[in-house]
Number of protein chains: 2
Amino acid sequence: MIQHRSDQEGLRQRKRRETLQRITESALRLFADRGYEATTLDAIADASGISRRTFFYYFKSKEEILAAWQKGLPEAFRAAIMRESPDQSPIDAVRNAHLGLLTHYDAARALIIDRIIRSSDLLRASNQMKYLELERAAFEALCERWPQKTREELRVTAMVSVGALRLAIDAWAEEDGRRPLEDHLAEAFVHLKIK
Amino acid sequence: MIQHRSDQEGLRQRKRRETLQRITESALRLFADRGYEATTLDAIADASGISRRTFFYYFKSKEEILAAWQKGLPEAFRAAIMRESPDQSPIDAVRNAHLGLLTHYDAARALIIDRIIRSSDLLRASNQMKYLELERAAFEALCERWPQKTREELRVTAMVSVGALRLAIDAWAEEDGRRPLEDHLAEAFVHLKIK
DNA sequence: GTGCGATTTTACAATGAGTGTAATTTTGAG
DNA sequence: CTCAAAATTACACTCATTGTAAAATCGCAC
């Protein structure tokens with residue numbers, strides 16, 4: 001059998017990671033310079049030293065360049081909720097889960113990507129889908145963690161908490177991240193005194 | 001000056017309305033039959049008896065065929081909120097505004113369109129944008145109607161109420177509209193006891 | 001280090017949405 | 001009827017995305 005070295009990284013893995021990195025960096029630069037829609041895949045491929053066809057070997061679509069950085073967020077969110085104590089209210093648990101995740105945030109890069117996303121209707125729309133996925137992850141985790149609560153109530157809790165996260169991120173991006181995201185999140189949750 | 005007959009409908013207006021109707025109907029039929037993505041604009045144009053180029057004289061994009069039916073909803077929503085008495089809480093006002101608008105709903109057609117929208121990622125995403133527009137409309141109306149409340153609180157109120165509408169529509173579509181949308185909406189709002 | 005199979009890259013061609021342009025037809029007001 | 005505006009069309013183009021198949025590269029076995 002083939003011996004896989006999951007700790008060591010072969011030349012293949014390294015080149016793949018490097019190319020991925022190269023595509024992401026040049027695309028981000030081009031998006032910031034010329035705008036998302038105005039940047040063609042040909043331009044990205046050129047800037048990354050690959051052919052246009054090869055681009056699709058790395059990303060499913062142009063959009064995915066920006067989506068990739070937040071892949072796995074729903075799962076991390078779910079796990080964070082599951083780590084919370086079931087003694088507190090679900091809404092408090094989700095707020096705490098949020099705060100726990102935010103410590104791993106690269107604020108500078110997040111702001112750059114956020115600005116690009118807000119510049120295009122297409123990207124704004126697909127970004128909303130990300131919140132929907134977070135909401136679903138939260139809902140499922142809440143149902144597991146608080147089985148005595150009704151699904152209807154937990155669905156509303158998930159909607160409300162992820163909505164608060166969205167409002168916090170919006171406010172944070174609006175002022176270019178002057179105050180930390182945590183502050184905005186805390187503020188948004190102040191007005192959520194559900195049940 | 002040119003005398004415009006806004007009451008009478010000229011041949012031009014009638015033909016335009018008829019063609020619009022024809023495009024919408026044949027597109028909906030094709031979407032329901034073959035699916036949204038699998039239906040090309042050529043097919044829609046053929047089925048509507050127009051050229052592909054003419055299609056774009058009626059709709060900005062393929063998506064817009066489905067978006068058109070809910071155009072003006074944000075404005076109607078804003079107006080409905082402004083009609084509510086400022087004596088009740090903002091959240092109650094928005095709930096009542098929702099209920100008022102729902103009486104004008106064509107449930108059968110809404111379900112057909114809803115099913116198409118849920119069948120495509122692209123459509124689901126742009127549908128989320130509609131909720132965002134509703135949320136903005138609600139927020140602006142609330143700020144006008146309850147100037148003594150803070151904008152932060154009203155922003156959360158708008159988010160929460162439109163979110164409840166979304167959950168209600170989801171649940172309603174999930175069970176193919178067996179119970180009226182109003183019931184689902186009332187249920188969703190039960191869990192919103194903000195402040 | 002050679003060879004072989006798997007992975008990666010590429011060229012080429014095609015589909016389908018959307019846009020610009022300019023020509024042609026239809027409508028309606030005078 | 002006559003002419004300007006509105007509506008329709010053909011044609012050609014850009015761009016994202018996908019299919020196919022050939023070519024290049026890698027890494028393990030020998």
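Chain naming here is simple, since letters A, B, ... match the order of the sequence lines and numbering starts at 1 in each.
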- Query: For DNA chain D, whose closest nucleotide is more 5', that of A:Arg53 or that of A:Tyr36?
  - Reply: A:Tyr36

- Side-chain contact test, heavy atoms from C-beta onward, threshold under 4.5 Å: evaluate it for B:Trp69 versus B:Thr24 and give yes or no.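 The answer is no, as the side chains (C-beta and beyond) never meet within the 4.5 Å cut-off.
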
- Got a salt bridge between A:Glu18 and A:Arg22, using NZ or NE/NH1/NH2 to carboxylate O under 4.0 Å?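 A salt bridge is absent here (no side-chain N lies under 4.0 Å from a carboxylate O).
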
Output the rounded distance in Å from [atom1] ([X]) to [atom2] ([N]).
X        : N      : atom1 : atom2 : result
B:Leu122 : D:dA16 : CG    : P     : 15 Å
B:Arg16  : C:dG28 : CZ    : C1'   : 16 Å
A:Lys15  : D:dT25 : NZ    : P     : 8 Å
B:Gln13  : D:dA5  : CD    : P     : 16 Å
B:Glu18  : C:dT27 : CD    : C1'   : 14 Å

Is the cationic atom of [X] (NZ for Lys, CZ for Arg) positioned less than 6.0 Å from the six-membered ring centroid of [Y] and within 45 degrees of its normal?
X        : Y        : value
B:Lys62  : B:Phe55  : no
B:Arg16  : B:Tyr58  : yes
A:Arg136 : A:Tyr131 : no

- Sorted by chain and number, sequence neighbours left out, side-chain contact (heavy atoms from CB on, under 4.5 Å) with B:Ser85 holds for B:Asp87, B:Gln88

- Task: Choose from D:dG19, C:dA13, D:dA7 the nucleotide whose nearest atom is closest to any side-chain atom of A:Arg52.
- Result: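 Selected nucleotide (nearest to the side chain): C:dA13.
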
- Query: Measuring from B:Ile81:CD1 to B:Leu101:CG, what's the distance to the nearest 0.5 Å?
  - Reply: 8.5 Å

- Item | Spacing of CG belonging to A:Leu102 relative to CH2 belonging to A:Trp172, to within rounding of 0.5 Å |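 Separation between the atoms: 9.5 Å.
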
- Message: Heavy atoms within less than 4.0 Å of DNA chain D: which residues of residues 55-71 of chain A have one? Give them sorted by number.
- Response: A:Phe56, A:Lys60, A:Ser61, A:Lys62

- Task: Output the residues of residues 38-51 of chain B in contact with DNA chain D, where contact means a heavy atom of the residue under 4.0 Å from an atom of the strand; sort by number or write none.
- Result: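 Output list: B:Ile50, B:Ser51.
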
